Amino acid sequence: ETSTATWDSTTFTLTVRVCSGSVFSSRTVYAFALLVVNPDFEQSCPDITMEATAQDVNTLRRSMTKQDSELLGVPHASCPLTVFRPLVLLGRMNQSDPFTDTLNPFVLTIRLNVNLRGDQ
């Protein structure tokens, strides 16, 4: 079935209309997947509250439990809506031999703030 979602950037509210006309069983656990584009600025994990309304039911509110673990080598990055910029924390290069017509090994040293997976 089709659901719709609307984001209100003024109130920071996501309204999801789920399966209009359907009945949700109290004995079933439901999971909803959202595809979100992160902003171009950093932000920490906010408090998240879910509010549900339905016909013949008072509004139900609950603070959401958030997973808070390491993701891609970054502590607390699994917390929803956490956004950070990947950075090169250290970048250094040197050479071993400055003379003409010689083999010159270079050494590149880097440190990142995220895990980096190479192409396969």
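No hydrogens, no waters, no symmetry mates; every other heavy atom, side chains included, goes into these values. Keep in mind the model is a prediction, meaning the values are calculated, not measured.
- The side-chain hydrogen bond (donor to acceptor under 3.5 Å, both in side chains) search around R61 returns E51, not counting sequence neighbours.
- The NZ atom of K66 lies 5.5 Å from the CD1 atom of I48; values are rounded to the nearest 0.5 Å.
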Which pairs of donor and acceptor atoms, one on a side chain in residues 97-110, lie under 3.5 Å apart (sequence neighbours left out)?
from : atom 1 : to   : atom 2 : distance (Å)
D97  : OD1    : F99  : N      : 3.0
D97  : OD1    : T102 : OG1    : 3.4
D97  : OD2    : T102 : OG1    : 3.2
T102 : OG1    : F99  : O      : 2.8
N104 : OD1    : S96  : N      : 3.1
N104 : OD1    : D97  : N      : 2.9
N104 : ND2    : Q95  : OE1    : 2.6
N104 : ND2    : D97  : O      : 3.0

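- Grouping Ile, Leu, Val, Met, Phe, Trp and Tyr residues whose side-chain heavy atoms lie under 4.5 Å apart, directly or via other members, places L71 in a hydrophobic cluster with L72.
- Across every non-hydrogen atom of S25 and Y30, the tightest pair is N-OH, 2.9 Å.
- Judged as a side-chain hydrogen bond (donor to acceptor under 3.5 Å, both in side chains), and not counting sequence neighbours, the contacts of Q67 are S69.
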Throw together a table of side-chain donor-acceptor distances under 3.5 angstrom for residues 39-47, partners on residues two or more places apart or in other chains.
from : atom 1 : to  : atom 2 : distance (Å)
E42  : OE2    : R85 : N      : 2.9
Q43  : NE2    : L81 : O      : 2.8

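- Between the side chain of N113 and the backbone N or O of L87 there is at least one donor-acceptor pair closer than 3.5 Å.
- Through direct or relayed side-chain contacts under 4.5 Å between Ile, Leu, Val, Met, Phe, Trp and Tyr, V29 connects to no other residue.
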